[in-house]
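Comments concern the structure below.
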Amino acid sequence: MFGAACAAGGTLDNEPPPDVAVAPTEPGVKLPPKSSSSSSGEPGGEDDDDDLGGPTGDGGPTSKPDGGGTNPGLDAGPPPPPAPVAGDPCPTLDELRSASCGFCGTKKTICEKTRDGSLKWAPYSACEGQPADAVCAAGSVEPEPCGNCGTRVRTCSNACKWVVGACTVPPAAECAPATLDLTNAGCPEDQYGKYVYRVRSCRSDCSFNPYSSCISPPAALEIGQTLNTVSSTVAILAGSLARASGTTCPLTAAFGEGRAYAYTQIRNPLSMDATVSIYNSEAPGGAKIKTNLVAYEGDEAPSTADARKQCVRASTSFNQSITGGPGFAIMETTRRVTIKAGGSIMLYTSAVDANVSGSVKVNVKTEILAVPASTP
């Protein structure tokens with residue numbers, strides 16, 4: 001049985017689906033932090049990608065993005081005097097005053113003479129000087145979900161960057177809502193076939209439902225709805241399809257000889273765009289199979305050779321420290337995949353070697369959640 005939570009397109013009983021995170025413009029829900037963490041790289045892999053970074057992990061000490069000190073990210077000292085209010089009286093003609101605005105930006109006003117001869121503060125100029133990496137208003141404090149039914153607080157520093165607190169998870173929490181757990185226990189090969197599993201779903205309170213009877217593994221999964229959660233299912237590599245491989249999309253090389261393969265749909269039910277890492281690992285009752293991965297936009301597998309070339313990500317890289325095997329493919333760092341809010345991708349997993357088939361685990365880790373970019 002794999003202990004990491006793994007997700008599919010729905011629960012197995014009649015319970016309502018778990019709460020879905022919404023964009024921070026909607027009441028009560030906040031955008032996860034835009035922070036970064038480094039990767040250990042891909043030891044022994046075929047590619048040497050630079051890490052794009054990702055969100056901070058749960059449960060660790062508060063980070064100090066603005067340097068050292070005893071009060072991470074928040075400067076000491078008395079608060080500045082209140083900024084003038086446009087239209088209020090002012091004492092000295094042509095006196096210039098500034099006020100903070102936006103994310104660490106500045107706006108300006110001037111003391112001007114009005115038509116009646118009185119001095120008043122003029123309307124402020126546009127907000128200027130906001131750092132490119134600023135993500136929040138200094139001093140703001142927000143709660144956010146984390147882990148399995150957990151919560152934490154993040155505080156915006158005077159550099160307009162989030163300082164994330166530790167994640168507090170209920171002691172009884174054992175899984176991420178809407179995810180699945182699969183085991184081959186009690187599914188004898190001579191009765192049910194080699195690639196069937198008992199499946200149980202995770203309730204909205206982060207506890208598991210009972211296991212199902214032995215069934216085929218779900219061919220679709222949903223991403224974890226909080227950062228750093230992993231959703232998984234099992235892909236059965238079977239049949240034969242001309243192998244699509246490569247590291248650059250769209251694919252340009254001719255397809256190779258036929259290989260065992262499977263398609264898995266990966267859904268993002270959230271109102272935020274999600275950037276995920278995807279990798280294979282050993283399934284219960286499976287074996288260490290050398291694989292490659294190709295991701296396609298949409299909810300249907302490509303049906304023609306030209307369509308199969310139009311991928312969004314492809315990888316033959318591996319990172320044994322994560323996948324647990326030297327041949328399992330992984331999409332991490334620069335090969336992460338962004339799934340649009342409410343959207344899906346189709347993941348192609350194939351065996352690299354001829355005459356090899358079997359089951360492999362497909363894992364999807366939620367790395368970044370972000371409000372979708374506005375469109376004209």
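Only this structure's heavy atoms are used, side chains among them; waters, hydrogens and symmetry mates stay out. The first residue of the sequence shown is numbered 1, and numbering continues consecutively from there.
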Under the rule for ring-ring contact (aromatic ring centres under 6.0 Å, His included), what residues qualify as partners of Tyr296, not counting sequence neighbours? none

Should Lys161 and Asp133 count as an ion pair when the cut-off is N to O under 4.0 Å? yes

My understanding is that only residues two or more places apart in sequence, or in another chain, count here; which of them pass side-chain contact (heavy atoms from CB on, under 4.5 Å) with Ser125? Lys107, Lys108

I would like to know whether Glu112 and Lys120 meet salt bridge (Lys or Arg N to Asp or Glu O under 4.0 Å); could you show each step before the answer? CA-CA 6 Å; Glu112 64 178 0; Lys120 292 186 178 180; over 6 Å; no

Who are the side-chain contact (heavy atoms from CB on, under 4.5 Å) partners of Ala137, not counting sequence neighbours? Phe103, Ser140

Would you tell me whether Cys160 and Cys136 have their SG atoms within less than 2.5 Å of each other? no

Kindly indicate whether a cation-pi arrangement holds for Arg203 with Phe208, taking the cut-offs as under 6.0 Å to the six-membered ring centre and within 45° of the axis. no

Test salt bridge (Lys or Arg N to Asp or Glu O under 4.0 Å) applied to Lys288 - qualifying residues, sequence neighbours left out: Glu282

Let me confirm one number: the OG-CG distance from Ser350 to Leu293, rounded to the nearest 0.5 Å. 8.0 Å

Could you list all the salt bridge (Lys or Arg N to Asp or Glu O under 4.0 Å) pairs where at least one residue sits in residues 235-257, not counting sequence neighbours? Glu257-Arg259

The test is disulfide bond (SG atoms under 2.5 Å apart); show your working for Cys249 and Cys311 and say whether it passes. CA-CA 5 Å; Cys249 292; Cys311 56; 2.0 Å; yes

Kindly indicate whether the side chain of Cys167, heavy atoms from C-beta on, has any atom under 4.5 Å from the side chain of Val169. yes

Please determine whether the number of non-hydrogen atoms from other residues, nucleotides or ligands lying under 6.0 Å from atom CD of Glu300 exceeds 12. no

Please list all pairs meeting ring pair (Phe, Tyr, Trp, His ring centres under 6.0 Å) that have one or both residues in residues 330-366, counting only residues at least two apart or in different chains. Tyr263-Tyr348

Tell me whether the guanidinium CZ or amine NZ of Arg198 lies under 6.0 angstrom from the six-membered ring centre of Tyr211 and within 45° of its axis. no

